[in-house]
Amino acid sequence: MKWIRLVYRNKRRKVLLLLAGLLLSTHPVVAKLAVDFNPNLDFSKFKTFAFIGGVEQLVRMQLNPDQLNNQIHRAVTRELTSKGLREVKPDESPDLVVRYWVNSEKDFNVAANTNWGVYGPYYGYHWGFVYYSMDTYTTHLGTLGIELIQDKARDLAWRMFVSVKITNSNPDKIWKTADSNIKNAFGRYPPSPKDIDAKKQQWAKEDAEKKSSQPQ
């Protein structure tokens, strides 16, 4: 009987150790982050920016749009000013305007049924690749996009995407995750020479594929 109790205790100890190991090795939900940009631009020429707000589709997210707008504004200002850019008002001819969009729906489509104002949605040809690669079938997905648009040319210069499975409805925790990813994305602004070279090769490949698919 004593031997049976000893075996039971050993088995119980192994089970507890196994459970502890599983808990300790469980990884947190990892965000999916991507950066896209026009490799033919000289980003050193951009000296000023203006924040023009964004579009929110906050289905099932307990976030205040006004508060979110202010948080994103502060985060982008923090990142761009640390890169040497200066914020100005939208009517002061900025080099770049900053626009964002945020969505919390499954199977999102940011280009559909949305008023993007004087700047287009920029989801065609080269600019569509990274966006569509972010698509996912996660049950509840939070998605944030921040775009830097050339004001005079009305053309997209740089953008970030981040999508993450939302596991709670705490606004502070949701924003903490978003802000962390904003920092990570802007860590790649301006694009490095290596990133620029890789992007040029990608665009050249896409151009060649498009040309070869066209009827002669």
Side-chain angles (χ1 to χ4, degrees), residues 30-56 63 65-103 110 116-123 125-131 133-134 142-164 172 174-204:
V30 178
K32 191 174 182 180
L33 177 66
V35 169
D36 203 3
F37 59 91
N38 185 339
N40 300 314
L41 297 178
D42 181 358
F43 284 83
S44 66
K45 293 183 178 180
F46 299 138
K47 303 297 184 182
T48 60
F49 70 94
F51 187 82
I52 61 172
V55 178
E56 302 93 1
L63 297 177
D66 292 333
Q67 180 181 0
L68 182 64
N69 183 82
N70 293 335
Q71 288 173 320
I72 293 176
H73 187 179
R74 287 196 297 269
V76 171
T77 300
R78 176 194 66 211
E79 299 302 321
L80 288 181
T81 54
S82 73
K83 306 289 183 178
L85 280 75
R86 177 173 58 88
E87 183 175 14
V88 298
K89 296 180 180 179
D91 60 358
E92 294 180 325
S93 299
D95 296 325
L96 298 170
V97 293
V98 181
R99 178 181 69 185
Y100 74 87
W101 55 266
V102 61
N103 198 331
V110 299
W116 292 97
V118 297
Y119 305 98
Y122 304 112
Y123 288 102
Y125 197 29
H126 291 309
W127 291 108
F129 175 78
V130 172
Y131 162 67
S133 72
M134 297 293 286
T143 308
L144 170 66
I146 297 178
E147 300 174 326
L148 307 184
I149 305 167
Q150 301 176 77
D151 185 45
K152 293 183 177 65
R154 292 284 199 274
D155 202 6
L156 188 60
W158 184 94
R159 67 151 56 116
M160 62 156 284
F161 288 113
V162 59
S163 61
V164 63
D172 293 333
I174 293 174
W175 172 247
K176 184 177 180 180
T177 299
D179 190 46
S180 175
N181 283 285
I182 290 172
K183 290 179 181 177
N184 290 338
F186 276 91
R188 296 170 61 184
Y189 180 91
S192 68
K194 182 179 179 180
D195 286 342
I196 290 174
D197 184 59
K199 182 62 67 174
K200 285 183 177 180
Q201 292 182 39
Q202 176 194 320
W203 280 27

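Predicted model, so just to flag it, every value in this text is computed and none were measured.
- Contact check for Met160 versus Val162: side-chain heavy atoms found under the 4.5 Å cut-off.
- Looking at Gln150 and Val97, their side chains never come closer than 4.5 Å, going by heavy atoms from C-beta outward.
- Between the side chain of Glu92 and the backbone N or O of Lys89, at least one donor-acceptor pair lies under 3.5 Å.
- Distance alone, capped at 3.5 Å, is enough to place a donor-acceptor pair between the Lys47 side chain and the Ser44 backbone.
- Asp95 contributes a side-chain N or O that, together with a main-chain N or O of Thr48, makes up a donor-acceptor pair within less than 3.5 Å.
- Between the Ser180 side chain and the Thr177 main chain, no donor and acceptor come within less than 3.5 Å of each other.
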Exercise for review: Walk me through it: do Asp151 and Phe49 pass the test side-chain contact (heavy atoms from CB on, under 4.5 Å)?
Suggested key: CA-CA 9 Å; Asp151 185 45; Phe49 70 94; over 6 Å; no
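- Once rounded to the nearest 0.5 Å, the distance linking CG of Asp179 with CG of Leu144 reads 10.0 Å.
- Distance check: Asn70 CG to Phe51 CZ gives 8.0 Å after rounding to the nearest 0.5 Å.
- Going from atom NE2 of His73 over to atom CD1 of Ile52 covers 11.5 Å, rounded to the nearest 0.5 Å.
- In this structure, Lys199 forms a cation-pi arrangement with Phe37, its terminal cationic atom sitting closer than 6.0 Å to the ring centre and no more than 45° off the ring axis.
- Annotation: the span from Phe161 atom CZ to Lys32 atom NZ amounts to 11.0 Å, rounded to 0.5 Å.
- Centroid-to-centroid, the aromatic rings of Trp158 and Phe186 come within less than 6.0 Å.
- The side-chain heavy atoms of Lys152 and Ser93, taken from C-beta on, include a pair separated by under 4.5 Å.
- A distance of 11.5 Å separates CZ of Phe46 from CG of Leu80, quoted to the nearest 0.5 Å.
- The environment of Arg86 atom CZ is sparse: at most 12 non-hydrogen atoms of other residues, nucleotides or ligands sit within 6.0 angstrom.
- Between Asp36 and Arg188 there is no salt bridge, since no side-chain nitrogen of the basic residue lies less than 4.0 Å from a carboxylate oxygen of the acidic one.
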Review point. Could you go step by step and tell me if Ile146 and Ile72 meet the side-chain contact (heavy atoms from CB on, under 4.5 Å) rule?
Key: CA-CA 9 Å; Ile146 297 178; Ile72 293 176; 4.1 Å; yes
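- Counting only heavy atoms from C-beta outward, the side chains of Thr143 and Val102 never approach each other to under 4.5 Å.
- Heavy-atom minimum distance, Ala157 versus Leu96: CB-CD2, 4.1 Å.
- Side-chain contact between Leu85 and Phe43: absent, with no pair of heavy atoms (C-beta onward) separated by less than 4.5 Å.
- Not a single donor-acceptor pair under 3.5 Å links the side chain of Arg159 to the backbone N or O of Leu156.
- In this structure the side chain of Asn40 reaches within 4.5 angstrom of the side chain of Lys200, judged on heavy atoms.
- The neighbour count for Lys83 NZ, taken as heavy atoms of other residues, nucleotides or ligands under 6.0 Å away, is above 12.
- If you take CD1 on Ile182 and OH on Tyr100, they are separated by 10.5 Å, rounding to the nearest 0.5 Å.
- Side-chain contact between Trp203 and Asn38 is present, with heavy atoms from C-beta onward closer than 4.5 Å.
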